[in-house]
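Single-structure report; data block below.
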Amino acid sequence: MILAWVISLLLLCASLIMHLERLTALRLMEIKTIETAQQNFIAAEKAVLDCENNLNMLSLLADTPCFIQALSKNTWLITSKQKPAIQIHVVLDEKSGSTTRINWRQVFE
């Protein structure tokens with residue numbers, strides 16, 4: 001009787017250790033996924049910011065990190081090429097060459 005009790009305790013401990021190992025592995029994968037997503041989001045924001053700051057000179061560049069659309073005379077839609085895609089609406093002041101963001105959003109497919 002005592003032997004069965006000891007064996008059941010050992011099996012419970014082994015099961016607990018197995019579940020803890022799985023939980024730890026899942027937590028490590030979660031942290032790595034969050035870090036990768038943050039790095040990609042920051043890189044997309046930098047690309048959009050670069051396109052926004054150089055909106056007057058982008059026609060001279062051959063390879064831009066963004067898709068650029070003219071919505072009206074001074075309003076532009078800038079979308080990053082890399083994922084996750086970020087879109088911003090920008091108003092360009094022709095006299096000073098400065099840009100002002102109207103809004104931004106993350107593009108979901």
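Just so it is clear, the structure is predicted and the values come from calculations on it, not from any experiment.
- Counting heavy atoms from C-beta on, the side chains of Asn40 and Lys83 never come closer than 4.5 Å.
- Grouping the Ile, Leu, Val, Met, Phe, Trp and Tyr side chains by contacts below 4.5 angstrom, directly or via other members, places Leu9 with Val6.
- Heavy atoms only, all atoms of each residue included: Ala44 and Gln82 are closest at N-NE2, 3.0 Å.
- Atom-to-atom distance recorded for Leu16:CG and Leu11:CG is 12.5 Å, nearest 0.5 angstrom.
- To the nearest 0.5 angstrom, Asn103 atom CG is 9.0 Å from Ile88 atom CD1.
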Dump the intermediate steps for side-chain contact (heavy atoms from CB on, under 4.5 Å) on Val90 and Thr100, then the final yes or no.
CA-CA 6 Å; Val90 178; Thr100 305; 6.0 Å; no
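- Within the model, atoms CD of Glu52 and CG of Leu92 stand 10.0 Å from one another, a figure rounded to the nearest 0.5 Å.
- Taking NZ from Lys32 and CE from Met29, the interatomic distance works out to 13.0 Å, rounded to the nearest 0.5 Å.
- The OG atom of Ser80 sits 10.5 Å away from the CH2 atom of Trp104 when rounded to the nearest 0.5 Å.
- Residues meeting the side chain to side chain donor-acceptor pair (under 3.5 Å) test with Lys81, sequence neighbours left out: none.
- Remark: Glu30 pairs with Arg27 by the side chain to side chain donor-acceptor pair (under 3.5 Å) rule, at least two apart or across chains.
- The two residues Arg101 and Leu49 have their closest heavy-atom pair at NH2-CD1, 4.0 Å.
- Between Val48 and Ile86 the shortest heavy-atom distance is CG2-O, 3.7 Å.
- Using a 4.5 Å heavy-atom cutoff, the side chains of Thr75 and Ile102 are in contact.
- Side-chain contact between Trp76 and Leu71 is absent, with no heavy atoms from C-beta onward closer than 4.5 Å.
- The shortest side-chain heavy-atom distance between Leu77 and Gln87 falls under the 4.5 Å cut-off.
- Separating the CD1 atom in Ile7 from the CD1 atom in Ile2 is a distance of 12.0 Å, to the nearest 0.5 Å.
- Between Cys13 and Leu10 the shortest side-chain heavy-atom distance does not fall below 4.5 Å.
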